[in-house]
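Here is how names work: the chains are called A, B, and so on, in the same order as the sequence lines, proteins then strands, and each is numbered from 1.
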Amino acid sequence: MTRYDPAEIEPRWQAHWVKHECFKTLEDPRLPKYYVLDMFPYPSGAGLHVGHPEGYTATDIIARYKRMKGFDVLHPMGWDAFGLPAERAAVREGRHPAEITQENIKNFKRQIQRLGLSYDWSREVDTSAVDYYRWTQWIFRKLYDQGLAYLAEVPVNWCPAQGTVLANEEVADGKYIETGDPVERRSMKQWMLKITAYAQRLLDDLDGLDWPPGVLEMQRQWIGRSEGAEVHFAIAGVRESSGAEERFTVFTTRPDTLFGATYAVLAPEHPLVEKITTDAQRAAVRAYVEKAKNTADKERMLAAEREKTGVFTGAYARNPANGELVPIWVADYVMMTYGTGAIMAVPGHDERDHAFAVKFALPIREVISGGADVQQAAHTGDGVAVNSGFLDGLAVEQAKAQMIDWLEERGSGVRRVTYKLRDWLFSRQRYWGEPFPILLKQDGSIVPLPEDALPVTLPHLEDFRPTSDGRPPLARAEQWMKVEVNGETLLRETNTMPQWAGSCWYYLRFMDPQNATLPFSPEAERRWGPVDLYVGGVEHAVLHLLYARFWHKVLYDCGLVHTKEPFQKLFNQGMILAYSYQDAAKKYYSPDQVEERDGQWFVKSSGVPVSTQIEKMSKSRYNVVNPDDIVAEYGADALRLYEMFMGPLEAVKPWQTSGVKGVYGFLDRCWSLLIDTKSGELSEAVRAEAEASPALLKELHRTIEKVGSDIEALRFNTAIARMMEFVNAAKKERSIPREVAEQFVLVLSPFAPHLAEKLWSRLGHPQSLSREPWPSYDPKWLVDDEVGIPVQVNGKLRASLTVPKGAKQEQVLELALAEPGVQKQLDGKPIRKVIFVPDRMLNLVV
RNA sequence: GCCGGAGUGGCGGAAUCGGCAGACGCGCCGGACUCAAAAUCCGGUAUGGGCAACCAUGUGUGGGUUCAACUCCCACCUCCGGCACCA
């Protein structure tokens, strides 16, 4: 072989790495540890797209670099293998989801291995394997024992066509986002996890994390802490069985405005609605509540800008601040799921209440001064209390505190913190998920299975649809369902866990993946936890990361992990988009059906003009790029390098196949720099063993320094640019001493490992370079003896000087004044001021 | 509406403790090699004017601070992502 030929090089080295277990985690306690993790993929039938290798290449470069820097690196890969798509495919194709999943995993693994990623495959995990999910069940038991898992009758999104509940995020506009099937609200008994018990800690512990600020903020907003008070309102004329006046409680963040509460609102689902409604209003209220019940939460929220609606109950509540009777309304702008499901309405100082009050002609009262006319618009800003009795004259913050104290003294209210975060609906009516380790008695009571009864394996089924009477698919396994305990027949839980369950702890299993007696050993956890760098898509910013943090904290409380947080540093790679082409009728064309003429795009066959835009890759837009095709044409090293060279890792950026050609050319030049393309042997320039020129050494050491610091900062695009500069400079040299060649090859190796290995062996090393130490640089080469100094006149560049480093102002000024360009600008005018920054610039002000 | 991020050549992008804007790559133009093409190699390439040296303009828009602004401050526009009647 004489030319660079990735198709020949790459498979050989991939085989070499596997054969010699080059990337096996050493488990050598003398070495410092480094745990670098990718968000493991769901193995879909569509296979890998070019977005996957982006994050995987980044972590691979880090892993290879850290190994060379002497770390014991844990860099594993596995499969988030349970999930609905395989189950749907199973129903469609009449096959078993396990079979489909294993097939997809095989394909994913093949594609990933073609990229030359340095995973320790001996640690591969599969969340749908029995030895994995038995431990998911085991951890669920821990949650149950801590009182954090409970069965509750809750309103859910039920999709009749799919026969399952759906998570809130799977529903939009009353439809299942995947299929468009209608979703209805239904009350069902479901497993819930009490994530709300950890709300404050999930919020507080965000502070110590090295995460993107956007993700931290999204988590904070999702948790949604707000401080305020609960205030009790007595209901005039409505009594409890004890004879005391019935009351309801509202949550407010503005107790300072209590004197301005001119009405109150209950959510349609509020339990007191039926009781307090007067006979005269009953028909209207019932009709309203009935309608609201059939509107899914999400849809109600989408109506944010919609006209307010509501119905008067006929009842009145006593405002505890001033004893006034205020009407109680029912309206769907108040939600049962937040706070107490009831509010005090202060139309003068809340925009929503204001809109409602205007529509229904309810009184509006100013109680905080400092705004415009509250009859026109709510004043939500700062000010001083007015029309508020004992609060008058106080600023908002003091008035809040004073009012809460006053309410607490009188038993009319209490200081309170609430969170938007809700408990986690943890069951699904599906087959392809973890069975719960739970038995149910005839009377509905719960019998958790002991540890030694695990795993509860999935029974074999032929039909994965729900039963005809609407029970989950597992109810078809009649024998499996029935369990005899002490002569009593108990039934297994037939719901399964959601897909999030397996991904909540997989990073822990990677630490000790073959453990048969525990999910992971304490020693392994102490060695490897926490994950040092976690890389994945921003789409998991809230749910996966919040759920995993929650489980981690529960395990921490059980003494099973030694860190409060699972992922110390998080990095989100940006999505890769692609150009798409559309004609006036919005019909899409694939890139090979179109051509460019004078900056305008046309369909080749018909000449019809098309518009071009950058969009998400999708089949229907004909703009999907398959990594297999790129590897086949340019090789894995070129694909890796291009994905890293496109731009900053975190940026969203468009794919351009022409860019792959560019980096391929660079790899080709690396090859021809060291290899004689006629003979295929090491080039004469390397073999000559001449002294390296100072210019070459300078380039080399700067490259070593820059590439190392860029890798540490995940700035791969500029690292590659620096290596290109090195090669461009080295090409001009007569000789490339072996030592220089070797150090450059080592620097290149994390990025283009196949080519680097090949060159390394040509340089006479029989062993893989994967454990060679990272080259060190000599700082003396990083400083110049001479520096270029720009000379400005009135801030504009007029000349450039080359002066010795550290040159004094007088010297530089003298040289500058001799420059014709400078003289022309000065034109005999006196110099008013000289600004001189040593080794940087000279500016003359005239 | 609120929160977060970003606007730089024909294109992807470099450069922000304020100090030569456009590194590196793509594309394009010219040249070498070739019967020719591909590949490869060499040179050029922000925009406007000029044969040229050179001059002017230029980092989304409008102001400001400074000897000096892609970088700092104020106001605004556009795009991307997230949240959205959360009391």
Quick one: [X] [atom1] to [N] [atom2], roughly how many Å, whole number?
{"X": "A/Lys732", "N": "B/G43", "atom1": "NZ", "atom2": "C1'", "result": "11 Å"}
{"X": "A/Met344", "N": "B/A87", "atom1": "CE", "atom2": "C1'", "result": "9 Å"}
{"X": "A/Gln573", "N": "B/G5", "atom1": "CD", "atom2": "C1'", "result": "16 Å"}
{"X": "A/Leu577", "N": "B/G13", "atom1": "CG", "atom2": "C1'", "result": "15 Å"}
{"X": "A/Tyr333", "N": "B/G1", "atom1": "OH", "atom2": "P", "result": "22 Å"}
{"X": "A/Phe726", "N": "B/A23", "atom1": "CZ", "atom2": "C1'", "result": "17 Å"}
{"X": "A/Lys653", "N": "B/A14", "atom1": "NZ", "atom2": "P", "result": "10 Å"}
{"X": "A/Phe360", "N": "B/C85", "atom1": "CZ", "atom2": "C1'", "result": "14 Å"}

Where the side chain of [X] is concerned, which of [options] is the nearest nucleotide?
{"X": "A/Phe645", "options": "B/A87, B/G25, B/G19", "result": "B/G25"}
{"X": "A/Arg840", "options": "B/C85, B/G19, B/C67", "result": "B/G19"}
{"X": "A/Lys833", "options": "B/C24, B/C67, B/G13", "result": "B/C67"}
{"X": "A/Asp332", "options": "B/C85, B/A14, B/C67", "result": "B/C85"}
{"X": "A/Glu217", "options": "B/C3, B/C26, B/G13", "result": "B/C3"}
{"X": "A/Asn843", "options": "B/G19, B/A87, B/C20", "result": "B/G19"}
{"X": "A/Pro790", "options": "B/U40, B/C20, B/G19", "result": "B/C20"}
{"X": "A/Arg798", "options": "B/A87, B/G12, B/A56", "result": "B/A56"}
{"X": "A/Val334", "options": "B/C24, B/A87, B/C20", "result": "B/A87"}
{"X": "A/Asp668", "options": "B/U40, B/G82, B/A23", "result": "B/U40"}

Need the pair for [N]. Rule: Watson-Crick or G-U wobble, both distances under 3.5 Å, any strand; none if unpaired.
{"N": "B/G18", "value": "none"}
{"N": "B/U47", "value": "B/A56"}
{"N": "B/C11", "value": "B/G25"}
{"N": "B/C2", "value": "B/G82"}
{"N": "B/C41", "value": "B/G31"}
{"N": "B/U61", "value": "B/A75"}

Relative to each other, are the rings of [X] and [Y] parallel, tilted or perpendicular (30° and 60° limits)?
{"X": "A/His379", "Y": "A/His349", "result": "perpendicular"}
{"X": "A/His544", "Y": "A/His540", "result": "perpendicular"}
{"X": "A/Tyr4", "Y": "A/Tyr664", "result": "tilted"}

Closest-nucleotide 5' rank along RNA chain B - winner of A/Pro654 and A/Asp350
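Mapping each residue to its closest nucleotide by heavy atoms, the 5'-most match is A/Pro654.
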
Toward the 5' end of RNA chain B, which comes first, A/Met841 or A/Ile835, by nearest nucleotide?
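The answer here is A/Met841.
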
Determine whether A/Glu54 and A/Lys653 satisfy the following criterion, salt bridge (charged side-chain N to carboxylate O under 4.0 Å, His left out), listing intermediate values before the conclusion.
CA-CA 11 Å; A/Glu54 192 191 10; A/Lys653 42 208 177 283; 2.6 Å; yes

Where the chi angle of B/G9 falls, syn if within 90° of 0 and anti if not:
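Syn for B/G9; the angle stays within 90° of 0.
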
Using distance alone, with no hydrogens and no angle criterion, decide if [X] and [Y] have a side-chain donor and acceptor under 3.5 Å apart.
{"X": "A/Thr196", "Y": "A/Tyr419", "answer": "no"}
{"X": "A/Glu615", "Y": "A/Ser580", "answer": "yes"}
{"X": "A/Tyr581", "Y": "A/Asn623", "answer": "no"}
{"X": "A/Ser226", "Y": "A/Lys420", "answer": "no"}

With sugar-phosphate meaning primed atoms plus P, OP1 and OP2, does [X] contact a base, only sugar-phosphate, or nothing at under 4.0 Å between heavy atoms?
{"X": "A/Asp353", "result": "nothing"}
{"X": "A/Arg669", "result": "sugar-phosphate"}
{"X": "A/Gly788", "result": "base"}
{"X": "A/Pro212", "result": "nothing"}
{"X": "A/Thr718", "result": "sugar-phosphate"}
{"X": "A/Arg225", "result": "nothing"}
{"X": "A/Gln792", "result": "base"}
{"X": "A/Ser672", "result": "nothing"}

Given the [atom1] atoms of [N] and [M], what is the spacing between them in whole Å?
{"N": "B/G22", "M": "B/U57", "atom1": "C1'", "answer": "15 Å"}
{"N": "B/C72", "M": "B/G18", "atom1": "C1'", "answer": "8 Å"}
{"N": "B/U16", "M": "B/A6", "atom1": "C1'", "answer": "15 Å"}
{"N": "B/A46", "M": "B/G58", "atom1": "C1'", "answer": "8 Å"}
{"N": "B/U59", "M": "B/G7", "atom1": "P", "answer": "14 Å"}
{"N": "B/U45", "M": "B/C11", "atom1": "C1'", "answer": "14 Å"}
{"N": "B/C73", "M": "B/A15", "atom1": "C1'", "answer": "22 Å"}
{"N": "B/A87", "M": "B/G19", "atom1": "P", "answer": "43 Å"}

Any [X] side-chain N or O less than 4.0 Å from OP1/OP2 of [N]:
{"X": "A/Asn717", "N": "B/C24", "value": "no"}
{"X": "A/Asn728", "N": "B/G25", "value": "yes"}
{"X": "A/Arg416", "N": "B/A87", "value": "no"}

Tell me whether the side-chain N or O atoms of A/Lys308 pair up with the base of B/C85 as donor and acceptor below 3.5 Å, since no angle test is needed here.
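When only heavy-atom distances are counted, A/Lys308 does reach the base of B/C85 through a donor-acceptor pair under 3.5 Å.
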
Criterion side chain to side chain contact (heavy atoms under 4.5 Å, CB included) against A/Val273, the qualifying member of A/Ile328, A/Val311, A/Val330
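Only match with A/Val273 under side chain to side chain contact (heavy atoms under 4.5 Å, CB included): A/Val330.
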
A/Arg715 CZ to A/Asn717 CG distance, which is reported to the nearest 0.5 Å:
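One finds 9.0 Å between CZ of A/Arg715 and CG of A/Asn717.
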
